Amino acid sequence: MLIAVLVAVALYLLYLALPNLGPALRAARLDGTAGTFTAQRLQCVRHPGHESCSWQGTFVSDDGAVRREGVWLHGSDRSSHQAGQRTRAYDTGRESRVYGPGGSREWVPVALMVAVSGALLAFAFSRPRERRDPGAGEPVPPLPRDSRAG
């Protein structure tokens with residue numbers, strides 16, 4: 001039963017992490033279309049003990065071929081911009097956000113999820129299994145890995 005739970009948790013972590021691995025790595029390397037983000041609207045959410053804010057605006061690529069309205073600038077906060085302020089940004093293909101020149105560390109939690117799922121799977125499938133003697137009804141302990149007939 002424990003093995004099934006470990007495998008299920010590992011597979012769920014992989015389900016969450018793998019689709020985000022490529023975009024997170026592109027954001028870390030700023031691998032995408034360079035351009036300018038113009039801040040238009042600040043949106044803030046209050047949580048107990050702190051406030052989380054982000055700027056929404058327009059992204060226009062350097063060559064003018066890409067124009068995206070209503071995108072969020074990842075990593076922005078209340079004090080990072082003012083309405084109308086422009087800053088360097090990169091469109092890495094995320095549906096609703098662009099990234100500033102500092103990139104992103106989104107790859108860290110994604111990589112941790114992949115590592116934890118790998119560790120869980122390795123643990124689940126590397127444990128020796130108990131053998132059952134069909135006539136006895138009691139489990140027989142596994143053979144030592146280095147036992148040799150001799």
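In this text, all values refer to a predicted model and were calculated from it rather than measured experimentally.
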Before giving the answer on side chain to side chain contact (heavy atoms under 4.5 Å, CB included), spell out for Leu42 and Arg78 the whole-Å C-alpha distance, their side-chain angles and the decisive distance to 0.1 Å. CA-CA 7 Å; Leu42 178 68; Arg78 179 183 293 279; 3.9 Å; yes
Taking it one step at a time, do Gln56 and Gln40 satisfy side chain to side chain contact (heavy atoms under 4.5 Å, CB included)? CA-CA 6 Å; Gln56 186 178 37; Gln40 295 170 334; 5.9 Å; no
Run the side chain to side chain contact (heavy atoms under 4.5 Å, CB included) check on Val7 and Leu121 step by step: do they pass? CA-CA 6 Å; Val7 170; Leu121 290 172; 4.3 Å; yes
Take Arg68 and Glu95, measure what salt bridge (Lys or Arg N to Asp or Glu O under 4.0 Å) needs, and give me the verdict at the end. CA-CA 10 Å; Arg68 296 182 59 201; Glu95 184 176 325; over 6 Å; no
Carefully, step by step, assess Val71 and Arg97 under the rule side chain to side chain contact (heavy atoms under 4.5 Å, CB included). CA-CA 5 Å; Val71 295; Arg97 78 178 80 149; 5.8 Å; no
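Heavy atoms only, all atoms of each residue included: Ala24 and Arg94 are closest at N-NH2, 4.0 Å. Among all heavy-atom pairs drawn from Arg88 and Pro101, the shortest one is O-CD, 3.2 Å. Closest heavy-atom contact between Trp107 and Leu25: CB-CD2, 4.1 Å. Taking every heavy atom of both residues into account, Asp91 and Gly93 meet most closely at OD1-N, 3.0 Å. Across all their heavy atoms, Gly84 and Thr38 have their closest contact at O-CG2, 3.9 Å. When all heavy atoms are compared, the tightest approach of Gly100 to Leu73 is N-CD1, 3.6 Å.
Under the 3.5 Å distance criterion, the side-chain polar atoms of Ser54 are left unmatched by any main-chain donor or acceptor of Asp77. A donor-acceptor contact shorter than 3.5 Å links the side chain of Ser61 to the backbone of Ala65.
In Glu51, the CD atom is crowded: over 12 heavy atoms of neighbouring residues, nucleotides or ligands sit closer than 6.0 Å.
Using a 4.5 Å heavy-atom threshold, the side chains of Ser52 and His47 count as touching. Looking at heavy atoms from C-beta onward, Val9 lies in side-chain contact with Leu120 at the 4.5 angstrom threshold.
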Scan the side chains in residues 26-37 for donor-acceptor partners under 3.5 Å anywhere in the protein, sequence neighbours excluded, and list what turns up.
| from | atom 1 | to | atom 2 | distance (Å) |
| --- | --- | --- | --- | --- |
| Arg26 | NE | Thr92 | O | 3.1 |
| Arg29 | NH2 | Asp31 | OD2 | 3.1 |

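Residues in residues 58-77 take part in these ring pair (Phe, Tyr, Trp, His ring centres under 6.0 Å) pairs, two or more places apart or across chains: His74-Tyr99.
In the model, Glu69 has a side-chain atom that pairs as donor or acceptor with a side-chain atom of Thr58 under 3.5 Å.
Interatomic distance, Ser117 OG to Leu6 CG, rounded to the nearest 0.5 Å: 12.0 Å. In this structure, CG in Leu16 is found 11.0 Å from CG in Leu11, a value given to the nearest 0.5 Å.
No path of Ile, Leu, Val, Met, Phe, Trp and Tyr side chains, each step under 4.5 Å between heavy atoms, connects Val66 with Val60, placing them in separate hydrophobic clusters.
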